[in-house]
Structures are given as structure tokens and as C-alpha cells.
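Written out below as C-alpha cells is the structure these notes cover.
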Protein chains: 2
Amino acid sequence: MTEFNLKEKFKRSDFRLTKPRKIIFDILENSEEHLSAEDIYRIAYNIYPAIGLTTVYRTLELLEKMGIVLKHDFGDGRARYEIRETESKRKGHHHHLICKMCHKVIDYKVCMDEEKELVKKTIEGLEKKYGFHITDHVIEFYGYCKDCYSKLENQKKQRRGQVI
Amino acid sequence: MTEFNLKEKFKRSDFRLTKPRKIIFDILENSEEHLSAEDIYRIAYNIYPAIGLTTVYRTLELLEKMGIVLKHDFGDGRARYEIRETESKRKGHHHHLICKMCHKVIDYKVCMDEEKELVKKTIEGLEKKYGFHITDHVIEFYGYCKDCYSKLENQKKQRRGQVI
DNA sequence: CTTGCTGCAAAGTGTTTGCATACAT
DNA sequence: ATGTATGCAAACACTTTGCAGCAAG
């Protein structure tokens with residue numbers, strides 16, 4: 001059985017359960033979003049204005065090293081953090097669909113057993129072949145969302161118009 | 001038939017084929033690595049010391065927008081660029097295996113038709129469901145390479161030793 | 001009490017921008 | 001000739017570090 005409470009998990013570790021950490025854990029556990037350090041800082045600040053952005057960065061770094069949080073780069077110039085599915089009651093395993101223009105990210109649930117099976121097989125193969133110890137995988141699809149795609153098409157049309 | 005020469009492709013476009021661009025194209029076409037802007041700048045500098053790092057960034061941005069180059073973040077704090085397989089005689093379609101500690105990246109070729117089929121099916125499903133126009137996908141496995149993994153294990157042992 | 005954790009300010013680092021000049025077409 | 005592309009320097013934005021004080025265990 002997986003334990004879904006970061007605070008519990010932390011008490012059992014050698015790290016200290018401080019006020020800033022408690023707040024950051026709550027935010028991560030209760031968010032569906034991909035939060036940046038700044039996002040988390042702002043939310044935390046409302047609860048506990050004494051908190052510093054540095055602490056947010058340091059806590060996230062710690063959580064990442066502990067394998068509790070995943071750090072992503074979706075191309076908008078800042079790292080985004082997300083709690084792992086095994087640590088969250090809310091998030092199941094999912095992949096990402098990312099707009100290269102507005103950087104919107106859609107989580108989509110993986111339902112196909114076929115895919116899970118294939119990923120498992122791939123991991124086994126890679127670990128054997130390259131001697132890696134694999135802990136995570138990322139499957140992401142990049143492109144343009146509906147809105148940005150039509151903007152793009154309009155731009156093309158306009159450019160053609162100017163040339164004529 | 002795909003055209004494998006960036007310079008040719010560029011002549012047909014509305015952009016100007018300048019000396020810095022020629023050099024950057026050559027570097028990208030002839031490299032097997034995932035180069036950073038700085039890497040490319042250094043190689044280019046040896047051929048043409050008048051080149052500026054800014055130009056490298058701007059050229060890479062342009063190539064990315066044209067869909068000729070892929071920009072990656074492997075977690076070492078700088079973007080890395082790689083020519084697309086359709087633009088290169090050298091690189092076939094591949095995915096990445098990334099060490100979270102030393103940031104080494106292994107390219108592995110995808111041979112399984114099963115996987116290609118699944119990816120195709122997934123893309124079609126996502127485009128329909130979310131109205132996205134998908135242009136790229138990324139499949140990456142993260143973990144620790146053999147060396148870093150044993151370093152990690154040693155650290156754990158030492159820490160246990162200290163506690164006793 | 002001990003020492004890990006915190007917040008602040010400052011430094012660091014990759015990347016982008018403003019601008020006058022050079023150059024491809 | 002004309003307008004795009006360039007290189008430099010400066011600006012930016014996110015992230016990390018040094019340090020003295022605070023507080024969890």
C-alpha cells in the first residue's frame with residue numbers, strides 16, 4: 001500500500017518537518033497543475049508571508065532527489081514541478097501534450113495496456129543493454145493547440161497577402 | 001525523396017544564406033552529438049572567429065521554428081540542439097536514455113514496429129480528442145548510468161557507516 | 001543544545017534584446 | 001539599393017550560493 005501523505009513520509013525520514021516544508025507539501029499534494037517555483041512561492045506566501053523563494057527551490061530540489069516530485073521543462077523558460085502519481089491520490093499515470101506556442105500542457109491518461117506493456121519491455125531491454133538503472137520515463141507530444149494553430153495559419157495567409 | 005542539404009533547402013526559402021549560417025548548418029549536419037549553443041559557437045569560432053554567440057542562438061531559433069532542429073532539455077541547465085532525422089543522413093529516429101547525475105545521453109534506435117504503430121495510433125487519437133496539431137514526440141528514459149549508480153550506492157553505504 | 005533549515009542579498013548562468021553596421025540578394 | 005542578418009554590450013530571468021540567525025528534534 002502506498003502512503004499518500006508527504007508529511008508522514010517525511011517524519012520517517014531524517015529530514016526536518018518545518019513550517020515552510022509543510023506548506024509546500026500541501027500545495028503540491030492539492031494541485032492538479034504543473035507549478036513553477038514562483039507559482040508555489042506565491043501560493044505559499046498567502047499562507048505564510050515569511051517564506052522565501054530560496055526555500056521553495058531548496059525544498060523542490062530535495063523532493064526531486066527523494067523521487068517524490070518530477071521536474072519538467074515545457075519550453076517556457078522555467079522548471080515546472082509535479083508530484084509523482086505514486087505520491088498522490090489525485091494524479092494517475094499520465095503523459096503530456098504540449099503547445100509549442102502558448103506552452104499550454106494537457107495531461108492525458110494512459111489507458112492502453114498495450115502501451116504499459118511496451119514501456120515495461122523497453123525499460124527491461126534498455127537496463128540490460130546499457131547497464132542503466134531507470135527510474136522515470138517521459139512521453140510527450142509537441143505541437144500546436146487548436147487556437148495557436150489557427151493563429152499560425154492566419155499569419156501564413158497574411159504573409160502571402162503582403163507578398164502579392 | 002527528402003533533401004538532406006540544409007544549404008539547398010535554405011536557398012529555396014526566403015532567408016539569406018550567410019557565412020555564419022553556412023557554418024552552423026555544417027556543424028549540425030556533421031555532428032552526432034547533442035550540442036549546446038555554446039558548443040556550436042566554439043566549433044564555429046575555430047572556422048570563423050568573427051562569429052558571435054548571439055548569431056548562434058538566433059540561427060538555432062530559426063531552425064527550430066522551421067522544424068529542422070529539435071531543442072532538448074536534458075537537465076544540465078542549457079538547451080541542446082539536434083538535427084531532425086529527416087534532415088540528416090546520419091541520424092535515424094531514436095529516443096534518449098539520460099543519466100540524472102552526470103547528464104550523459106545515450107541515443108537508442110527504435111527498431112520495434114510495434115512501438116511505431118502505437119505512437120502513430122496515439123497521435124491520431126490525441127489530435128482528434130484535443131484538437132491539437134502534433135509535430136513531434138519525445139520518449140525519454142531517465143535514471144542512473146552504471147557508474148553513477150554505483151557512486152550512489154557507495155554514498156548510501158558511507159552514510160550508514162557514519163550513523164553507526 | 002545541536003545542527004539542519006531558513007531568509008536575505010548577492011552572485012551566477014544561459015539566453016534575449018537594442019542598436020549601429022555589414023552584407024546577401 | 002534595400003532591408004535582412006550580424007556582433008557587441010547590456011539587459012533579462014531563473015536559479016544557486018554564502019552567511020548569520022532561527023528553530024526542530
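Any value given below was found using the heavy atoms of this structure, including those in side chains, with hydrogens, waters and symmetry copies removed. Proteins come first, then strands; the chains are lettered A, B, ... in the order of their sequence lines, and each starts at number 1.
Note: NZ (B/Lys19) to P (C/dA22) measures 16 Å, nearest angstrom. Whole-Å rounding puts the A/Ile51 CD1 to C/dC5 P distance at 15 Å. Atom pair A/Leu62:CG and D/dT15:P shows a separation of 17 Å (rounding to whole Å applied). Straight-line distance from the CD1 atom of A/Ile23 to the P atom of D/dA24: 12 Å, rounded to whole Å. Distance OH (B/Tyr41) to P (D/dC8): 7 Å, rounded to an integer number of Å. As rounded to whole Å, 14 Å separates atom C1' of D/dA13 from atom CG of A/Asp73. Rounded to an integer number of Å, the gap from A/Glu61 CD to C/dC5 P is 12 Å. Straight-line distance from the CG atom of A/Leu17 to the P atom of D/dG25: 6 Å, rounded to whole Å.
Salt-bridge formation is not detected for the pair A/Arg80/A/Glu33: no Lys NZ or Arg NE/NH1/NH2 atom is positioned less than 4.0 Å from an Asp or Glu carboxylate oxygen. Residues A/Asp73 and A/Arg78 are not paired through a salt bridge, judged by the lack of any N-O separation under 4.0 Å between the basic side chain and the carboxylate. Look at B/Glu124 and B/Lys128 and you find no salt bridge, because none of the NZ, NE, NH1 or NH2 atoms lies under 4.0 Å from a carboxylate O.
Comparing A/Pro49 and B/Asp76, the nucleotide of DNA chain C nearest to each residue sits closer to the 5' end for A/Pro49.
In this model, no donor atom of one side chain and acceptor atom of the other lie less than 3.5 Å apart for A/His133 and B/Glu153.
The phosphate of D/dT6 (OP1 or OP2) has a side-chain N or O of B/Thr18 nearer than 4.0 angstrom. Contact annotation: B/Thr54 does not reach the phosphate of C/dT17 (side-chain N/O to OP1 or OP2, under 4.0 Å). For the OP1/OP2 pair of C/dT15 and a distance below 4.0 Å, the side-chain nitrogens and oxygens of B/Tyr57 include at least one atom meeting the criterion.
Picking from C/dC5, D/dT6, C/dT25 the nucleotide with the shortest atom distance to the side chain of B/Thr55 gives D/dT6. Between D/dA5, C/dT15, D/dT15, one nucleotide has an atom nearer to the side chain of A/Ala79 than all others, and that is D/dT15. Minimum atom distance to the side chain of A/Phe15 is reached by C/dC5, of the listed D/dT15, C/dA24, C/dC5. Closest approach to the B/Tyr48 side chain among D/dG7, C/dC5, D/dT6 is made by D/dG7 (side chain taken as heavy atoms from C-beta onward).
Donor-acceptor pairing under 3.5 Å, judged by distance alone, is absent between the side chain of B/Arg16 and the base of C/dT25. The base of D/dG7 sits with one of its N or O atoms less than 3.5 Å from a complementary donor or acceptor on the side chain of B/Arg58. At a cut-off of 3.5 angstrom, the base of C/dT6 holds no donor-acceptor pair with the side chain of A/Arg21.
A ring-centre distance under 6.0 Å is not found for A/His94 and A/Tyr108.
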